[in-house]
Protein chains: 2
Amino acid sequence: MSIKPANAKPEEPLSKERLRLWLKLLKASNLVEEEIRRRLRARHASTLPRFDVMSALSRAPEGLKMSEISKLLRVSNGNITGIVDKLTEEGFALRVSVPGDRRAHQVCLTERGKSAFAELAAAHESWIDEILGGLDLDDVLGMIQRLDHLTTSLGDH
Amino acid sequence: MSIKPANAKPEEPLSKERLRLWLKLLKASNLVEEEIRRRLRARHASTLPRFDVMSALSRAPEGLKMSEISKLLRVSNGNITGIVDKLTEEGFALRVSVPGDRRAHQVCLTERGKSAFAELAAAHESWIDEILGGLDLDDVLGMIQRLDHLTTSLGDH
DNA sequence: TATTTTTATTTCAAGCTTGAAATTTCATGC
DNA sequence: GCATGAAATTTCAAGCTTGAAATAAAAATA
């Protein structure tokens, strides 16, 4: 929390600067995201949502319940249903029934899913390294620090 | 462009940090964006795409062609068709035929569209000011500078 | 002029996303 | 046991988005 001294300048410019920051943040984020989507589609016939779900699953060898996935990725339940359907059709994921609960399913990556994701993840990391290649360590650490500050302050909402 | 000295340390940690930066950037951006979408829907029965198109139109009193809008917003032509259709149904925008060219249309805000946008824009600006309220001027200017650096380096792609 | 190419836009299918409603199952309290 | 409410998931309608194909009109060229 920043303290506003009694003799502060009018706040107006700060609010304009915040707006300017948001527009730039959105633009940068969208530029990178679009490039990643484009490459996933063109080079791997995949999509970002599918990648995100596989990424979550790859970190949970014993699988995740639908609701756990949607909580992790901060998206709706119905959304995950559709994406897991797709991954299942493609042979990358599997719904396994949970012993004690006939409502729930654990979703796991198949062997094929695991190896496909390993490939995707490696490509993804190298794309990011390439796309953000113009940033040196100082830029990167500086932005990470500011973003942590931002995310913390967003968490209060 | 950063020069890599002959005796540089292995690049691996930098690439990991770039990936970390990207994940944080995406997360922060999505958090803010979701909040804006939520408020546009709940408080103004509107959406971010509609707001973006109105915003572009509001800066062009003489109107914009469909293709100009899609270029400005960096989205597909077909997308703009649908959004302008919506705005037209809602009475916020108007397609005006271009004298010399029967293919093209100028899209303009109606008076109702202008006043609706003025209200939306004011709300939007105050939301951003509130949501980014945890950032002081130093944070804001620091991030803007880093983001400019990033966007410039992205432009090379 | 007639043909070809380019430009402006729309249409379309496929996919993602949400929030709300519907289902099914589980857990709790009576 | 039985009813009630909570939880896990799916279904659904509406909207956004894209890239590709279709239209239509203008411009360029032969």
Side-chain angles (χ1 to χ4, degrees), chain A residues 26 29-31 33-54 63-90 92-107, chain B residues 26 29-31 33-54 63-90 92-107:
Chain A
L26 183 59
S29 174
N30 282 345
L31 280 173
E33 192 172 337
E34 276 161 29
E35 184 62 25
I36 297 296
R37 286 182 194 274
R38 198 170 5 255
R39 294 186 185 192
L40 278 173
R41 183 177 344 104
R43 304 185 191 178
H44 297 271
S46 191
T47 68
L48 199 47
R50 284 191 318 237
F51 177 77
D52 289 340
V53 168
M54 290 177 88
L64 291 171
K65 288 194 296 180
M66 300 297 282
S67 50
E68 290 175 326
I69 300 175
S70 65
K71 213 161 296 170
L72 277 171
L73 302 188
R74 309 172 43 80
V75 298
S76 67
N77 275 344
N79 188 355
I80 295 300
T81 297
I83 296 169
V84 169
D85 283 351
K86 281 284 168 193
L87 288 177
T88 303
E89 285 169 24
E90 296 169 338
F92 291 153
L94 219 52
R95 279 179 172 89
V96 181
S97 47
V98 173
D101 190 338
R102 265 179 303 175
R103 295 170 303 179
H105 292 272
Q106 292 286 122
V107 184
Chain B
L26 184 59
S29 175
N30 282 345
L31 281 174
E33 191 172 338
E34 276 162 30
E35 185 61 25
I36 297 297
R37 285 182 194 274
R38 196 166 10 252
R39 293 186 186 194
L40 279 173
R41 184 178 343 107
R43 305 183 189 179
H44 297 270
S46 192
T47 67
L48 199 47
R50 251 115 88 175
F51 177 78
D52 289 339
V53 168
M54 291 176 88
L64 291 171
K65 290 194 296 181
M66 300 297 283
S67 50
E68 291 175 326
I69 302 175
S70 65
K71 214 162 296 173
L72 277 172
L73 302 188
R74 309 173 43 78
V75 299
S76 67
N77 275 345
N79 189 355
I80 295 300
T81 297
I83 295 169
V84 170
D85 283 351
K86 281 283 168 195
L87 288 177
T88 303
E89 286 169 24
E90 295 169 339
F92 292 152
L94 219 52
R95 279 180 173 89
V96 181
S97 48
V98 173
D101 190 338
R102 267 180 300 175
R103 294 169 303 179
H105 292 273
Q106 291 286 123
V107 184

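Letters go in sequence order (proteins before strands), and every chain restarts at 1. Bear in mind the structure is a predicted one, so any value in this text is a computation, not a measurement. Quick note: numbers below take in every heavy atom, side chains included, and nothing from hydrogens, waters or symmetry partners.
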A:D52 atom CG is separated from C:dG15 atom P, nearest whole Å, by 17 Å
C:dT24 P sits how many Å from A:R95 CZ, rounded? 16 Å
Closest to the B:M66 side chain: C:dA8, C:dT9, D:dA8? C:dT9
Quick check against the 3.5 Å criterion: does B:S70 have a side-chain atom that pairs as donor or acceptor with the backbone of B:S67? yes
Nearest-0.5 Å distance that lies between atom CG in A:L48 and atom CZ in A:R38: 12.5 Å
The side chain of A:D101 lies closest to which of these nucleotides: D:dT10, C:dT25, C:dT11? C:dT25
If each of A:K86 and A:R103 is mapped to the nucleotide of DNA chain C with the nearest heavy atom, which maps nearer the 5' terminus, i.e. the 5' end? A:K86
For atom CE of B:M54 and atom P of D:dC16, their distance in whole Å: 13 Å
Across nucleotides 17-22 of chain D, 5' to 3', mark each nucleotide with B, S or - according to how protein heavy atoms within less than 4.0 Å reach it. SBS---
Are B:R74 and A:L31 packed together at the side-chain level, in the sense that at least one heavy-atom pair is separated by less than 4.5 angstrom? yes
When you compare the side chain of B:I83 with that of B:M54, does any pair of heavy atoms fall below 4.5 Å? no
Quickly work out the B:E68 CD to C:dT7 P distance and round it to whole Å. 15 Å
In Å and rounded to the nearest 0.5 Å, what is the CG to NE2 distance from B:L94 to B:H105? 11.0 Å
Test salt bridge (Lys or Arg N to Asp or Glu O under 4.0 Å) applied to A:R37 and A:E34, A:E33, A:E35, the passing residue: A:E33
Closer than 4.0 Å, any side-chain N/O of B:K65 to the OP1 or OP2 of C:dT9? no
In whole angstroms, the gap separating C1' of D:dA14 from CZ of B:R50 amounts to 10 Å
I need the single residue from B:L73, B:N77, B:L72 that forms a side-chain contact (heavy atoms from CB on, under 4.5 Å) with B:V75. Which is it? B:L73
Under 4.0 angstrom, heavy atoms only, what part of the nucleic acid is B:S67 near: base, sugar-phosphate, or nothing? sugar-phosphate
Can you measure B:L40 atom CG to D:dA14 atom P for me and round it to whole angstrom units? 21 Å
Given the structure, check if the side chain of A:R102 and the base of C:dT25 hold any donor-acceptor pair shorter than 3.5 Å. no
